[in-house]
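Following: one structure in structure tokens, then a few remarks.
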2 protein chains.
Amino acid sequence: MQKAARKSEPASNPPGRPREFDMDTALDGAIRVFCERGYHATSIGELTAAMRLATGSVYKAFRDKHAVFLAAFERYVEVRQEQTRSAAARGANGRERLRHVLLSYVEHSQGSEGRRGCIVVGSAVELSAVDPVMRARVTAQLKTNETFMASLIREGQVDGSIPGHVDADDTARLMICMTQGLRVVGKARLPLDGDRLVGIAMKLLD
Amino acid sequence: MQKAARKSEPASNPPGRPREFDMDTALDGAIRVFCERGYHATSIGELTAAMRLATGSVYKAFRDKHAVFLAAFERYVEVRQEQTRSAAARGANGRERLRHVLLSYVEHSQGSEGRRGCIVVGSAVELSAVDPVMRARVTAQLKTNETFMASLIREGQVDGSIPGHVDADDTARLMICMTQGLRVVGKARLPLDGDRLVGIAMKLLD
DNA sequence: TTGATTAGGAAACAATCATTCCCTAATATC
DNA sequence: GATATTAGGGAATGATTGTTTCCTAATCAA
């Protein structure tokens with residue numbers, strides 16, 4: 001990936017910058033179309049339309065289509081991570097924090113965002129078999145999420161909201177499966193009732 | 001889809017059949033490559049190689065690539081359904097039948113088959129947003145599996161192996177999420193311990 | 001054996017793809 | 001104001017795609 005102008009670093013811009021341009025906004029467009037259609041089904045035309053950039057501009061900022069996808073993946077993961085952390089922060093103890101994280105996952109798996117899909121799930125399914133780079137990113141992200149959930153379980157065991165006999169690692173891995181599955185089912189447009197599903201899932205912490 | 005010669009109906013073959021040829025065997029090859037690479041990333045060349053058929057032969061048996069995919073999807077679903085039913089049959093009561101079903105899912109999500117992936121999950125993620133036909137097949141299959149699991153729960157409630165306060169429909173939907181997520185995580189090559197994961201998942205039936 | 005019929009194979013086809021190239025327009029420095 | 005520099009745009013370019021077409025070889029009916 002090459003360096004690209006960001007709003008966060010406007011001073012260091014070289015001369016000859018035509019007008020305002022935000023890479024993150026462009027990447028958000030790329031995320032939208034990559035999530036919805038996947039990597040291979042997204043043509044450069046659709047990509048440039050979604051990014052509101054011309055073909056040449058995209059190839060001036062990125063080496064190739066794969067580099068755009070990687071950048072979109074990284075931004076997606078960054079944004080989602082922040083959303084998940086802030087969902088966890090809404091809980092008063094470990095158990096409640098985990099409950100809010102699961103609820104957040106269900107919400108994001110529903111409606112227009114759910115229909116659009118998750119780029120991590122998409123990469124796992126579409127690319128992990130043939131693209132070692134993306135597979136490494138996917139497994140890293142899954143492990144990060146898993147570690148985060150395991151840490152919430154351990155917090156709950158310390159604050160007494162989750163019994164000590166619960167295996168943090170195995171339960172976290174099962175919950176990762178649940179959350180990734182939610183994105184699959186959500187993309188297939190099956191309705192998901194957050195309160196009911198999460199209410200049942202919380203049995204795993206008994 | 002057009003009619004194609006099957007081993008199960010050899011008598012009705014018109015004259016001029018060069019040598020033995022089994023559509024199901026060819027479709028198994030198509031399933032292999034479609035599961036691993038997905039729909040768009042699979043070229044006709046890779047498809048014909050996997051099916052051990054020439055280009056013209058494939059287009060003589062199917063209208064287009066999409067029809068091959070649909071046929072492969074249908075056969076995949078048929079085979080997997082049979083495997084799941086026979087896994088369920090290994091249990092003595094509803095709870096044990098469900099446990100064997102979940103165990104079967106974990107096993108199939110691991111190793112070489114896990115790395116290859118599930119064509120239902122692949123279709124949900126890659127096609128359901130842009131292909132109404134495949135989306136309908138995916139949702140139908142998810143609902144079939146969900147109904148099957150819900151029926152196992154109800155059997156367990158009748159035979160006393162599962163408490164009556166368990167909500168069969170909601171629990172089944174959550175388990176569908178788990179199983180589909182298993183395929184995602186398995187494709188990303190994270191190791192899955194069947195006994196431990198299923199042991200935890202069975203808490204949902206308490 | 002002969003004729004009708006069809007699967008299998010490979011080359012030819014048009015369309016679409018990702019990518020490259022060049023031009024224009026707009027700034028910052030001098 | 002003049003010049004150098006660069007982001008943005010769009011047409012041109014190979015490569016690759018899915019599909020069609022034609023030919024060959026093999027089989028069954030007569």
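Side chains are part of it too, since the values below use all heavy atoms of this structure and drop only hydrogens, waters and symmetry mates. Order of the sequence lines fixes the chain letters, A, B, ..., with proteins taken first and strands second; residue numbering starts at 1 for each chain.
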Table please: side-chain donor-acceptor pairs of residues 170-182 of chain A below 3.5 Å, with sequence neighbours left out.
unit_1  : atom_1 : unit_2  : atom_2 : d
D170(A) : OD2    : R196(B) : NE     : 2.7
D170(A) : OD2    : R196(B) : NH2    : 3.2
T171(A) : OG1    : D167(A) : O      : 2.7
R173(A) : NE     : E146(A) : OE2    : 2.4
R173(A) : NH1    : P191(B) : O      : 2.6
R173(A) : NH2    : E146(A) : OE1    : 2.9
R173(A) : NH2    : E146(A) : OE2    : 3.1
T179(A) : OG1    : M175(A) : O      : 3.3
T179(A) : OG1    : I176(A) : O      : 2.8

Contacts under 3.5 angstrom, residues 111-124 of chain A side chains, donor-acceptor by atom type, not counting sequence neighbours:
unit_1  : atom_1 : unit_2  : atom_2 : d
E113(A) : OE1    : H108(A) : ND1    : 2.8
E113(A) : OE2    : H108(A) : ND1    : 2.7
S123(A) : OG     : I119(A) : O      : 2.7

Atom pairs and distances, donor-acceptor, side-chain atoms in residues 47-56 of chain B, under 3.5 Å, two or more places apart:
unit_1 : atom_1 : unit_2 : atom_2 : d
T48(B) : OG1    : I44(B) : O      : 3.0
T48(B) : OG1    : G45(B) : O      : 2.9

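For dA7(D), the OP1/OP2 oxygens have no side-chain nitrogen or oxygen of K60(A) closer than 4.0 Å. Not one side-chain nitrogen or oxygen of S57(B) sits closer than 4.0 Å to the OP1 or OP2 atom of dA7(C). For the pair Y59(B) and dT19(D), the criterion of a side-chain N or O lying under 4.0 Å from OP1 or OP2 is met.
Looking at which nucleotide of DNA chain C each of A54(B) and T55(A) is closest to, the 5′-most match is held by A54(B).
Distance R63(A) CZ to dA18(C) P: 16 Å, rounded to the nearest Å. Between the CG atom of D64(B) and the P atom of dC13(C) there is a distance of 22 Å, rounded to whole Å. Rounded to a whole Å, the CG atom of L53(A) is 12 Å from the P atom of dG10(D).
Screening residues 117-140 of chain B for salt bridge (Lys or Arg N to Asp or Glu O under 4.0 Å) gives E74(B)-R137(B) as the qualifying pairs, with residues at least two apart or on separate chains.
Under the rule for a salt bridge (Lys or Arg N to Asp or Glu O under 4.0 Å), the partners of R97(A) that lie at least two apart in sequence or sit in another chain are E155(A).
Remark: T42(A), S43(A), I44(A) in residues 37-50 of chain A come within less than 4.0 Å of DNA chain C through at least one heavy atom.
Side-chain atoms of Q83(B) and R80(B) include a donor-acceptor pair closer than 3.5 Å.
Considering only the side chain of K65(B), dG18(D) comes nearest among dA11(D), dG18(D), dG8(C).
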